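Here's the structure we're looking at; comments come further down.
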Amino acid sequence: SAAVETNFVIVSTANTNALNEGKWSELLSLPGSPARNSQLAALLEKLGAADPTRAMALADAESNLKLREQLTLAALHGWARTSPANAAQWVLNLPDVSKREIALSTAFAGMVAADPEIAMRMGTQIVAKNPDEAIGYGSRLIDALIDGGDFQQAAQWAASGDAQNQSSWMAEAYSRWAEFQPQQAAQAAAGISDPAQRNLALHGIVGGWAQADPAKLVQFVTDLPADADRASLLSQSLERWAREDPVSAAEWINGQKTAPAMDQ
């Protein structure tokens, strides 16, 4: 099979037997259905890892526009697993902005599936070459890392950004992490030594944790060291809780001692 790129240079030849020709022809002869289309996509993803040129050509030959997009993304996912630099360049050359964003998400997902470290290096290169699109492109990488279960890597990469991008990236990383592992995300955020970065991470957690368990989020924020930022975090957390369960939020507020933070 094709090997993954080293330093973004292709070092192996494609496996020309990657496509099951008989299965492909058989599936094409069947009426369209979600199950059939998913099987076609699976075949093209495998081919994309070995022979992306042919995989993309087969996808482009599909007359059904919806299926064509599905097949193209499947081929791209496979391509990005073994040739991330070439797949990324193909994506960045797409003229349509919305299609480029979707394709980049798919490419990053393929890279993450193969090796998160390669995906992060590739993401760093892409945002450096496309500063005007850095926030969006970086967020797509963070989403791919989170979806792949690489939560700490997503947070670390977000923190590596410059001041212009770091705010958005850290909010995205910690909000998404908190959707799945709120306690772990909160512990990681609270342990950040840099005050500015810790603040960004904690504010990001509010959005994700509030969707999962706003009551526990409020308790976590209450236990943070008392400072001006805790008041802001508590206000945001209580607002989210009140939307979901106003009675419980009101009961909690009534049980607290009077303090300036509670006034807000």
Side-chain angles (χ1 to χ4, degrees), residues 1-123 125-126 137 139-150 153-154:
S1 61
V4 177
E5 288 181 352
T6 302
N7 296 325
F8 314 126
V9 177
I10 300 175
V11 296
S12 68
T13 57
N15 177 1
T16 57
N17 298 319
L19 181 66
N20 185 328
E21 304 284 354
K23 186 65 175 178
W24 178 258
S25 298
E26 176 188 346
L27 289 170
L28 286 179
S29 68
L30 298 176
S33 70
R36 184 205 73 149
N37 293 353
S38 294
Q39 291 182 67
L40 286 170
L43 289 175
L44 274 202
E45 179 174 352
K46 181 180 179 182
L47 180 62
D51 189 350
T53 300
R54 186 174 183 220
M56 287 297 190
L58 288 172
D60 194 54
E62 173 56 48
S63 60
N64 184 299
L65 297 180
K66 185 177 179 66
L67 178 56
R68 182 191 300 170
E69 181 179 15
Q70 182 181 356
L71 295 179
T72 299
L73 293 178
L76 177 62
H77 191 278
W79 187 6
R81 291 172 67 103
T82 54
S83 186
N86 290 340
Q89 189 58 57
W90 181 88
V91 170
L92 295 174
N93 286 336
L94 291 174
D96 187 283
V97 175
S98 61
K99 290 184 178 180
R100 193 189 312 142
E101 285 270 338
I102 294 171
L104 188 60
S105 295
T106 299
F108 277 142
M111 297 176 206
V112 168
D115 188 335
E117 293 296 329
I118 287 179
M120 289 189 288
R121 292 202 301 271
M122 198 70 235
Q125 288 189 11
I126 289 173
Y137 289 175
S139 295
R140 301 293 76 75
L141 170 60
I142 290 166
D143 288 340
L145 289 165
I146 294 292
D147 291 340
D150 300 297
Q153 290 93 326

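Quantities reported herein were computed from a predicted structural model and do not represent experimental measurements.
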Validation row: [X], [Y] side chains within 4.5 angstrom (heavy atoms):
X	Y	result
L58	L19	yes
E69	I102	yes
M120	V112	no
Q39	K23	yes

Ignoring hydrogens, what is the shortest heavy-atom contact between [X] and [Y]? Give both atom names and the distance.
X	Y	result
A41	A74	O-CB, 3.3 Å
A18	L47	CB-CD1, 3.9 Å
G110	R81	O-CG, 3.2 Å
A119	F108	O-CE2, 4.2 Å
P116	D150	CG-OD2, 3.5 Å
L28	R36	O-NH1, 3.7 Å

| query | Per the side chain to side chain contact (heavy atoms under 4.5 Å, CB included) rule, which among T72, N64, L71 passes with R68? | reply |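 Answer to the side chain to side chain contact (heavy atoms under 4.5 Å, CB included) test with R68 among T72, N64, L71: T72.
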
Is the backbone of [Y] close enough, under 3.5 Å, to the side chain of [X] for a donor and an acceptor to pair up by distance?
X	Y	result
S25	G22	no
S83	W79	no
T106	H77	no
D96	K99	yes

| said: Going by the rule salt bridge (charged side-chain N to carboxylate O under 4.0 Å, His left out), which residues pair with D143 if we only count those two or more places apart in sequence or in a different chain? | reply: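 If we apply the salt bridge (charged side-chain N to carboxylate O under 4.0 Å, His left out) test to D143, skipping adjacent residues, the hits are R140, R176.
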
| said: side chain to side chain contact (heavy atoms under 4.5 Å, CB included), that's the test. Do I118 and R121 meet it? Break it down for me. | reply: CA-CA 5 Å; I118 287 179; R121 292 202 301 271; 3.6 Å; yes

Within this structure, what is the [atom1]-[atom2] distance for the pair [X] and [Y], rounded to the nearest 0.5 Å?
X	Y	atom1	atom2	answer
T82	D115	OG1	CG	13.0 Å
Q70	L40	CD	CG	8.0 Å
L76	M56	CG	CE	4.5 Å
Q125	Y137	CD	OH	15.0 Å

Side-chain donor-acceptor pairs under 3.5 Å in residues 87-95, sequence neighbours left out?
{"residue": "Q89", "atom": "NE2", "partner": "N93", "partner atom": "OD1", "Å": "3.2"}
{"residue": "N93", "atom": "ND2", "partner": "Q89", "partner atom": "O", "Å": "3.2"}

